[in-house]
J.: 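Have a look at this one.
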Protein chains: 2
Amino acid sequence: MGSDKAKGHLDVLLLQVLKDGPAHGYSVASALRQRSGGMFDLPEGTIYPALHRLEEARYLESDWELVNGRRRKIYRLTNSGTAALVKERNRWAEFVAAVESVLTPVTPRPA
Amino acid sequence: MGSDKAKGHLDVLLLQVLKDGPAHGYSVASALRQRSGGMFDLPEGTIYPALHRLEEARYLESDWELVNGRRRKIYRLTNSGTAALVKERNRWAEFVAAVESVLTPVTPRPA
DNA sequence: TCCCATACATAGATACTCTAGGTATATTGA
DNA sequence: TCAATATACCTAGAGTATCTATGTATGGGA
């Protein structure tokens with residue numbers, strides 16, 4: 001069983017973290033881990049390709065930085081990325097609502 | 001982009017529908033479609049293999065029925081399936097909480 | 001008679017995330 | 001000094017879940 005912790009919602013999570021400020025991949029992973037209370041402890045093999053994909057899609061832009069001899073690739077949200085985030089958040093809300101409506105048994109006959 | 005509408009949460013949805021009463025595959029699909037407001041309009045190639053898998057896992061049991069010349073495979077939840085449902089619902093709740101905690105920007109300093 | 005809804009099934013394709021491997025530098029502590 | 005750990009990046013291939021496409025068969029309505 002591969003974990004698949006983000007279950008198809010990785011993009012919203014990444015976009016949201018970057019919305020709160022530019023960051024590099026490693027720190028995005030840390031932020032995600034902390035903010036989710038450890039639930040989203042995603043491996044680098046998940047994070048980096050995802051960031052590449054989002055940059056490819058023009059939702060992110062990046063620049064290389066050199067800090068203490070270590071190179072970092074700083075990502076920031078584009079306008080397009082901000083729009084995508086809004087859309088993805090809406091999709092998330094709709095998804096939750098749909099699942100909840102299935103999980104909540106219909107009251108058969110209100111008194 | 002394949003839809004992947006249930007995004008890793010298919011099992012809870014199926015178990016919950018069956019929790020509300022025994023049903024056959026086709027009607028489970030209809031119930032899911034109706035109860036989700038059309039969001040979970042899952043193809044048969046998703047529903048049937050999933051039900052087989054859940055039966056294989058002993059979460060479901062089934063019997064064949066013949067109604068108006070049409071055969072139906074009626075599934076019902078086992079005790080084990082009920083327990084799995086509870087567990088899955090908890091996992092769902094935790095998942096939602098984790099995503100929400102990422103999507104909700106931290107209040108920097110409460111007044 | 002033809003089409004649509006009902007009702008089941010499965011093989012192979014697709015897509016997303018993970019595993020596992022690789023490179024390299026800085027820091028800590030034994 | 002040397003090893004281990006944390007930082008920081010990367011990718012190929014594996015695995016898994018769901019979908020696409022296709023097949024069978026019956027009943028009912030136009």
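Quick caveat, the model's predicted, so the values are computed rather than measured. Protein chains get the first letters and strands the later ones, always in sequence-line order, with residue 1 at the start of each.
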J.: So what does A/Arg70 hit on the nucleic acid, given a heavy-atom distance under 4.0 Å: a base, only sugar-phosphate, or nothing?
T.: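 Base contact.
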
J.: Determine: side-chain N/O of B/Tyr48 to OP1/OP2 of C/dA9, distance under 4.0 Å, yes or no.
T.: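 For B/Tyr48, the contact criterion (side-chain N or O under 4.0 Å from OP1 or OP2 of C/dA9) is not met.
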
J.: Other residues, nucleotides and ligands only: do more than 12 of their heavy atoms fall within 6.0 Å of OH on B/Tyr59?
T.: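 Result for OH/B/Tyr59: open.
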
J.: Of A/Ile47 and A/Arg71, whose nearest nucleotide on DNA chain C comes first from the 5' end?
T.: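 Upstream on the strand: A/Ile47.
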
J.: Would you mind telling me which residue lines up with the more 5' stretch of DNA chain C, A/Ala50 or A/Asn68, judged by nearest nucleotide?
T.: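 In this pair, the answer is A/Ala50.
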
J.: May I ask you to decide if B/Arg58's main-chain N or O and B/Thr78's side chain share a donor-acceptor pair within less than 3.5 Å?
T.: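 Here the side-chain-to-backbone pair exists.
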
J.: Take the protein atom NE2 of B/His9 and the nucleotide atom C1' of C/dT17, then report the distance between them rounded to whole Å.
T.: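 In whole Å, C/dT17 C1' and B/His9 NE2 are 14 Å from each other.
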
J.: Of the options D/dT18, C/dT17, D/dC10, whose atoms approach the side-chain atoms of B/Arg53 most closely?
T.: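 Of the options given, the side chain of B/Arg53 lies nearest D/dT18.
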
J.: Should A/Tyr26 be listed as having a side-chain N or O under 4.0 Å from OP1 or OP2 of D/dT7?
T.: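 Indeed, a polar side-chain atom of A/Tyr26 lies that close.
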
J.: Using only side-chain N and O atoms of A/Lys7, determine if any of them is under 4.0 Å from OP1 or OP2 of D/dA17.
T.: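 Negative; the distance criterion is not met.
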
J.: Considering just the side-chain nitrogens and oxygens of B/Lys5, establish if one lies under 4.0 Å of OP1 or OP2 belonging to D/dA17.
T.: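 Answer no for this pair, as no side-chain N or O of B/Lys5 is under 4.0 Å from OP1 or OP2.
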
J.: Can you tell which of D/dC9, C/dT19, C/dA9 lies closest to the side chain of B/Tyr75?
T.: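 Of all the options, the side chain of B/Tyr75 is nearest to C/dA9.
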
J.: Under 4.0 Å between a Lys/Arg side-chain N and an Asp/Glu carboxylate O for A/Arg35 and A/Asp20?
T.: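 Salt bridge flag = yes for A/Asp20 with A/Arg35.
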
J.: Between B/His24 and C/dT6, is there a side-chain N or O to OP1/OP2 distance below 4.0 Å?
T.: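 So the side chain of B/His24 is outside the cut-off, no N or O lying under 4.0 Å from OP1 or OP2 of C/dT6.
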
J.: Just checking A/Lys19: does its NZ atom have more than 12 heavy atoms from other residues, nucleotides or ligands closer to it than 6.0 angstrom?
T.: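 Atom NZ in A/Lys19 is not crowded, with 12 or fewer foreign heavy atoms closer than 6.0 Å.
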
J.: Could you walk me through whether A/Leu51 and A/Leu18 pass the side-chain contact (heavy atoms from CB on, under 4.5 Å) check?
T.: CA-CA 10 Å; A/Leu51 290 172; A/Leu18 264 341; 4.1 Å; yes

J.: Within the structure shown, what part of the strands sits under 4.0 Å from A/Gly45 by heavy-atom distance: base, sugar-phosphate, or nothing?
T.: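 Result for A/Gly45 = base.
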
J.: Can you tell me how far P of D/dA25 sits from NZ of B/Lys73, to the nearest Å?
T.: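 Atom-to-atom, B/Lys73 to D/dA25, this comes out as 18 Å.
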
J.: Just compare D/dG23, D/dC9, D/dA8 and give me whichever is closest to any side-chain atom of B/Glu44.
T.: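 Shortest atom-to-atom distance from the side chain points to D/dG23.
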
J.: Does B/His52 have a side-chain nitrogen or oxygen under 4.0 Å from the phosphate oxygens OP1 or OP2 of C/dC8?
T.: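 False: B/His52 side-chain N/O out of range (4.0 Å or more) of C/dC8 OP1/OP2.
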
